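One structure is given below, encoded as structure tokens.
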Amino acid sequence: MSDFFSQVYEVVKLIPPGRVTSYGAIAAYLGSPGASRMVGWAMNASHHSADFIPAHRVVNRNGLLTGKHHFDTPDAMRELLENEGLLFDEDERMLNFKERFWNPVKELG
DNA sequence: CACCTGACGACCT
DNA sequence: TAGGTCGCCAGGT
């Protein structure tokens with residue numbers, strides 16, 4: 001497990017419930033600051049992983065649910081996060097994004 | 001093998 | 001404030 005995708009999965013699996021991080025933060029943690037797009041691509045492919053990948057806990061840097069369309073239903077991502085205590089406004093902008101942000105660089109080293 | 005696309009994000013008009 | 005450009009790199013055509 002040393003390819004980029006696998007490394008992304010490993011980090012995402014470490015995100016605690018009720019916490020979120022961003023594509024860019026994961027890419028930075030893996031040493032490729034500009035590869036945030038690949039993190040999203042990895043999430044897109046995460047469904048074929050045998051392990052549970054909490055892809056809903058990865059949002060963009062503004063706390064917007066840019067990946068919502070890749071879930072079973074357009075509201076699934078928001079509902080999963082609401083179940084974990086995260087709050088949203090009408091535009092699905094996360095209200096407590098800052099307090100709930102989980103930075104892998106800071107948390108994991 | 002060449003070209004295109006994408007769940008992003010930093011910069012630059 | 002809003003919109004365009006560019007780097008990132010795996011996979012599909």
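These numbers were taken from a predicted model, which means no experiment stands behind them. So you know, we letter chains A, B, ... as the sequences are listed, proteins then strands, and number each from 1.
- Rounded to the nearest 0.5 Å, atoms CD1 (I53(A)) and NE2 (H48(A)) are 9.5 Å apart.
- For the pair Y9(A)/M43(A), a side-chain contact is recorded, criterion being any heavy-atom separation below 4.5 Å from C-beta on.
- F88(A) is not connected to L64(A) by any chain of hydrophobic side-chain contacts under 4.5 Å among Ile, Leu, Val, Met, Phe, Trp and Tyr, and they are in different clusters.
- Of the residues in residues 20-29 of chain A, those lying under 4.0 Å from DNA chain B by heavy-atom distance are S22(A), Y23(A), G24(A).
- In this pair, F52(A) and H56(A) present their aromatic rings tilted. The plane angle is within the 30 to 60° band.
- Using a 4.0 Å heavy-atom criterion, one finds that A55(A) contacts the bases of the nucleic acid, with or without backbone contacts as well.
- Interface residues of residues 60-68 of chain A facing DNA chain B, ordered by number: N60(A), R61(A), T66(A), G67(A); criterion, heavy-atom separation under 4.0 Å.
- Remark: D91(A) pairs with D89(A) by the side-chain contact (heavy atoms from CB on, under 4.5 Å) rule, at least two apart or across chains.
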Result block: side-chain N/O donor-acceptor pairs under 3.5 angstrom for residues 100-108 of chain A, not counting sequence neighbours:
from, atom 1, to, atom 2, distance (Å)
R100(A), NH1, G18(A), O, 2.6
R100(A), NH2, G85(A), O, 3.3
N103(A), OD1, V105(A), N, 2.9

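- Hydrophobic cluster membership of L87(A), counting Ile, Leu, Val, Met, Phe, Trp and Tyr whose side-chain heavy atoms lie under 4.5 Å apart directly or via other members: L95(A).
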Take L65(A) and L81(A) through the test side-chain contact (heavy atoms from CB on, under 4.5 Å) and record every step on the way to the result. CA-CA 10 Å; L65(A) 309 186; L81(A) 290 169; 3.7 Å; yes
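- Two residues are said to be in side-chain contact when any heavy atoms from C-beta on lie closer than 4.5 Å; I15(A) and V20(A) fail this criterion.
- Rounded to whole Å, the separation between the P atoms of dC4(B) and dT5(C) comes to 15 Å.
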List the protein contact pattern of nucleotides 1-7 of chain C with one symbol per nucleotide (5' to 3'): B for base contact, S for sugar-phosphate-only contact, - for none; contact means a heavy-atom distance under 4.0 Å. ------B
Determine all donor-acceptor pairs shorter than 3.5 Å in which one atom belongs to a side chain in residues 69-80 of chain A; sequence neighbours excluded.
from, atom 1, to, atom 2, distance (Å)
H70(A), ND1, N44(A), OD1, 3.4
T73(A), OG1, A76(A), N, 3.2
D75(A), OD1, R78(A), NH2, 3.4
R78(A), NE, E92(A), OE2, 3.0
R78(A), NH1, E82(A), OE1, 3.2
R78(A), NH1, E82(A), OE2, 3.3

Using atom types as modelled, flag every donor-acceptor pair under 3.5 Å from a side chain in residues 28-41 of chain A to any protein atom, sequence neighbours excluded.
none

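- The shortest heavy-atom contact between V59(A) and F97(A) is CG2-CE1, 3.6 Å.
- Protein chain A contacts DNA chain B from dG6(B) to dA10(B), reading 5' to 3' and using non-hydrogen atoms of the protein with a distance under 4.0 Å.
- Following rounding to the nearest Å, M38(A) (CE) and dC8(C) (P) show an atom-to-atom distance of 13 Å.
- If you check residues 96-109 of chain A against DNA chain B, you find no residue with a heavy atom closer than 4.0 Å.
- Residues from residues 70-86 of chain A placing a heavy atom under 4.0 Å of any atom in DNA chain B, listed by number, are H70(A), F71(A).
- Every residue two or more places apart in sequence or in another chain that forms a salt bridge (charged side-chain N to carboxylate O under 4.0 Å, His left out) with E84(A) is listed here: R57(A).
- Side-chain atoms of D3(A) come within 3.5 Å of backbone N or O of S6(A) as a donor-acceptor pair.
- Following chains of ILVMFWY side-chain contacts shorter than 4.5 Å, one can reach V8(A) starting from Y23(A), so the two form part of one hydrophobic cluster.
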